[in-house]
Amino acid sequence: MIEKILPPWVAAEEAFGDPPDATLFPEEEAVIARAVDKRRREFTTARHCARRALDRLGLPAVPILPGERGAPGWPPGVAGAITHCAGYRAAAVSLDALTVGIDAEPHEPLPDGVLPAIALDRERAALARLGPGVHWDRLLFCAKEAVYKAWFPLTRRWLDFDEAHVTLTRTGTFTARFLVPGPQVLGRELTGFAGRWLAADGLLVTAITVRPADLYGRSTSG
Ligand SMILES: CC(C)(COP(=O)(O)OP(=O)(O)OC[C@H]1O[C@@H](n2cnc3c(N)ncnc32)[C@H](O)[C@@H]1OP(=O)(O)O)[C@@H](O)C(=O)NCCC(=O)NCCS
């Protein structure tokens, strides 16, 4: 399903369960040696997805180790992202992108008390105007997680929930405007991201992609 919200220059693979034939490299095994079963499963299946996606780019199977602040370490020249939630795992990679951010969440309301912690007042006000049919609070969270995953490889900096203003539309798109200085990319400051979202099969998925061509002519990209 995530391919529906990604451009053709991004390869994505997803899984709705944990295939028994998914394997890890010894370096990856070492990372999760003491992890609980749930973490082991999501980590392993996400790597299975990532290697299948890399294969579609013509790249060999390599270990994908968590690096600085947990960001996945991709082969040189690859931008990508990983997500997992109950019943879903996905990886998206590209040789043409400057950055990629994806996220998946169960299509359910956020637990009580979470929305005030992750939303600006104006974002909460906007959610109330979007209408029925979608758990907009969860979608806002899902979009913000994708923003962080796309932001981090460009900046190596933290981005707090109140440091980007996310605007959702009913038509499957969203924008994020940075409220702090944005990343310098190819000599320009990126002031925000554009993304897409989809609700299907009890899940919400979001995706952000930026490639060099997106930097010319406009400051955000999708
Ligand atoms: C890191 C974070 C975004 C992960 O999102 P999540 O919904 O909890 O979990 P997901 O399963 O979707 O994603 C987990 C994957 O994110 C990736 N990830 C973790 N840290 C990352 C980082 N700093 N940069 C990019 N990707 C990262 C990893 O690949 C991880 O999977 P892995 O450990 O198996 O490799 C989240 O835990 C977090 O810290 N959020 C706070 C920052 C934020 O969202 N700010 C909002 C800005 S508007």
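These numbers were taken from a predicted model, which means no experiment stands behind them.
Without hydrogens or angle criteria, T83 side chain to A104 main chain gives a donor-acceptor distance under 3.5 Å. Checked by atom type and distance alone, the side chain of W197 pairs as donor or acceptor with a backbone atom of T169 at under 3.5 Å. Here the side chain of W136 pairs a donor or acceptor atom with the backbone of G131 at under 3.5 angstrom. Side chain of T206 to backbone of C142: a donor-acceptor contact under 3.5 angstrom is found. Remark: the backbone N or O of D96 is not paired with any side-chain donor or acceptor of W9 at under 3.5 angstrom. Side-chain atoms of R170 come within 3.5 Å of backbone N or O of L130 as a donor-acceptor pair. Of the possible polar contacts, none joining the S94 side chain to the V10 backbone as a donor-acceptor pair under 3.5 Å is found. With hydrogens and angles ignored, the 3.5 Å screen pairs no side-chain donor or acceptor of E105 with any backbone N or O of L204. A donor-acceptor pair is defined here as one N or O able to donate and one able to accept, closer than 3.5 Å; such a pair exists between the side chain of R47 and the backbone of I64. The backbone N or O of L110 lies less than 3.5 Å from a partner atom in the side chain of D137, making a donor-acceptor pair.
Taking 4.5 Å as the limit, some side-chain heavy atom of W151 sits within range of a side-chain heavy atom of V180. Using a 4.5 Å heavy-atom threshold, the side chains of P19 and T45 count as touching. With a 4.5 Å cut-off on side-chain heavy atoms, L65 and F25 do not count as touching. L168 is listed as a side-chain neighbour of L140, based on a closest heavy-atom distance under 4.5 Å.
Closest of all the heavy-atom pairs between T99 and A150 is OG1-O, 2.7 Å. Minimum heavy-atom separation, V147 to A176: CG2-CB, 3.6 Å. Minimum heavy-atom separation, F178 to G182: CD1-CA, 3.9 Å. In terms of heavy-atom proximity, A97 sits nearest to A79 at O-CB, 3.5 Å. Nearest heavy atom pair, residue L159 against residue A164, reads CD2-CB, 4.3 Å. Taking both residues in full, the closest heavy atoms of L6 and A12 are given as CD1-CB, 3.5 Å, listed atom of the first, atom of the second, then distance.
Between F174 and F193, the gap from one ring centroid to the other reaches at least 6.0 Å.
Using a 4.5 Å cut-off between side-chain heavy atoms of Ile, Leu, Val, Met, Phe, Trp and Tyr, with links allowed through other members, V100 and L54 fall into different hydrophobic clusters. Side-chain heavy atoms closer than 4.5 Å link hydrophobic residues (I, L, V, M, F, W, Y) into clusters, and following such links, possibly through other members, connects V205 to I102. By the rule that hydrophobic residues join a cluster once side-chain heavy atoms approach within less than 4.5 Å of another member, L154 and L179 end up as members of separate clusters. Using a 4.5 Å cut-off between side-chain heavy atoms of Ile, Leu, Val, Met, Phe, Trp and Tyr, with links allowed through other members, W74 and V185 fall into different hydrophobic clusters.
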Set out, in order, the CA-CA distance, both residues' side-chain angles and the distance that settles side-chain contact (heavy atoms from CB on, under 4.5 Å) for L190 and L98, then state yes or no. CA-CA 12 Å; L190 207 57; L98 294 166; over 6 Å; no
Show your reasoning for whether side-chain contact (heavy atoms from CB on, under 4.5 Å) applies to R89 and R41. CA-CA 10 Å; R89 292 84 168 80; R41 284 169 173 272; 4.0 Å; yes
Does the pair V31 and L24 meet the rule for a side-chain contact (heavy atoms from CB on, under 4.5 Å), with working shown? CA-CA 10 Å; V31 169; L24 293 177; over 6 Å; no
Run the numbers on L95 and L59 for side-chain contact (heavy atoms from CB on, under 4.5 Å), then give the verdict. CA-CA 10 Å; L95 286 166; L59 296 172; 4.1 Å; yes
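Once rounded to the nearest 0.5 Å, the distance linking CD of Q184 with OG1 of T155 reads 12.0 Å. Taken to the nearest 0.5 Å, the CZ atom of R39 stands 12.5 Å off from the CG atom of D37. Interatomic distance, E189 CD to L215 CG, rounded to the nearest 0.5 Å: 12.0 Å. Taking CD1 of I5 as the reference point, atom CG of L198 lies at 6.0 Å (rounded to 0.5 Å). Within the model, atoms CD1 of I82 and CD of E42 stand 10.5 Å from one another, a figure rounded to the nearest 0.5 Å. In this structure, M1 CE and D201 CG are separated by 6.0 Å, a value rounded to the nearest 0.5 Å.
Under the side-chain hydrogen bond (donor to acceptor under 3.5 Å, both in side chains) criterion, the residue pairs touching residues 50-66 are E3-R56, E13-R52, E13-R56, E28-R51, with sequence neighbours excluded. Every pair passing side-chain hydrogen bond (donor to acceptor under 3.5 Å, both in side chains) that includes a residue from residues 107-128 is listed here, sequence neighbours excluded: E123-K144. Residue pairs meeting the salt bridge (charged side-chain N to carboxylate O under 4.0 Å, His left out) criterion with at least one partner in residues 150-165, sequence neighbours excluded, are E68-R156.
The environment of R69 atom CZ is dense: over 12 non-hydrogen atoms of other residues, nucleotides or ligands sit within 6.0 angstrom.
Ring geometry, F161 versus F141: the interplanar angle falls under 30°, so the pair is classed parallel (tilted spans 30 to 60°).
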